[in-house]
Amino acid sequence: MKKILLLFVAMTSIVCSRAESGWTMVTDSGVKVPMEQVGMLVSADDATTFSVVRTEGSGEAINGVVSVSFTYEAGSSAIENIGGAEVGMMHDAVNSSLLVMGCGGHAYAVYDMSGALKLGGSIESASARIDVSNLGSGVYVLRVGNSSLKFLKK
């Protein structure tokens, strides 16, 4: 997981300097996502898989990812469109914390389904654990930068 995180952070830094870069994240199941559409990587508690959350308007989260690789396809940025809602749903239920990767320097907010702010803060490093243990059971929305993800709190 640490290798993926370091590679993701490095690739994100490169892509942030250049939109429409041609760099693509490829999941272990073969789904291709242009790097400019990758918002963050999220893992529930100590799960063995993670979700790739795409930026707003790019489609839903890609769940159950074990590993990713990166490719460069010159002249291409809209490689594959994954249909779905603007806010994806993370498949793994969360007990106590969310591990958020690739979002250093961004603020985060957790909202309940009525839109009330329940948690908020800042992500200072490349990865951070957000403690959601004090939230009641239910569906919440995690928002970091321009990416959002629904999750189920047990």
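By convention here, the first residue in the shown sequence is residue 1.
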Which atom of [X] lies closest to which atom of [Y], heavy atoms considered:
X: Gly39; Y: Cys103; result: O-SG, 3.9 Å
X: Ser148; Y: Arg143; result: OG-NH1, 2.7 Å
X: Tyr140; Y: Gly136; result: OH-O, 2.8 Å
X: Arg54; Y: Ser147; result: O-OG, 3.8 Å
X: Ser51; Y: Met90; result: OG-CG, 3.5 Å
X: Ser114; Y: Asp112; result: OG-OD1, 2.7 Å

Output all residues satisfying side chain to side chain contact (heavy atoms under 4.5 Å, CB included) with Asp28, sequence neighbours left out; order by chain, then residue number.
Val65, Val66, Ser67
Let's go through Leu142 and Met40 carefully: what are the C-alpha distance in whole Å and the side-chain angles of both, what is the deciding distance for side chain to side chain contact (heavy atoms under 4.5 Å, CB included) to 0.1 Å, and is it a yes or a no?
CA-CA 11 Å; Leu142 169 66; Met40 63 181 148; 4.3 Å; yes
First locate atom [atom1] of [X], then atom [atom2] of [Y], and finally report the distance between them rounded to the nearest 0.5 Å.
X: Lys32; Y: Ile62; atom1: NZ; atom2: CD1; result: 13.0 Å
X: Leu149; Y: Asn63; atom1: CG; atom2: CG; result: 7.5 Å
X: Arg129; Y: Asp46; atom1: CZ; atom2: CG; result: 5.5 Å

Are [X] and [Y] packed together at the side-chain level, in the sense that at least one heavy-atom pair is separated by less than 4.5 angstrom?
X: Met89; Y: Leu152; answer: yes
X: Val100; Y: Tyr108; answer: no
X: Phe50; Y: Val68; answer: yes

Examine [X] and [Y] and state if one hydrophobic cluster contains both, with Ile, Leu, Val, Met, Phe, Trp and Tyr joined whenever side-chain heavy atoms are less than 4.5 Å apart.
X: Val144; Y: Leu135; answer: yes
X: Met25; Y: Leu99; answer: yes
X: Val31; Y: Val38; answer: yes
X: Tyr72; Y: Met35; answer: yes

Residues forming a salt bridge (charged side-chain N to carboxylate O under 4.0 Å, His left out) with Lys154, sequence neighbours excluded
none
List the atom pairs, donor and acceptor, that lie under 3.5 Å between side-chain atoms in residues 116-126 and the rest of the protein, sequence neighbours left out.
unit_1	atom_1	unit_2	atom_2	d
Ser122	OG	Glu124	OE2	2.8
Ser125	OG	Ser127	O	2.6

May I ask you to decide if Ser96's main-chain N or O and Asp45's side chain share a donor-acceptor pair within less than 3.5 Å?
yes
Decide whether Asp131 and Ser97 meet the rule of one side-chain donor and one side-chain acceptor closer than 3.5 Å.
no
Among Val42, Val110, Asp92, Val139, which residue meets the side-chain contact (heavy atoms from CB on, under 4.5 Å) test with Phe151?
Val110
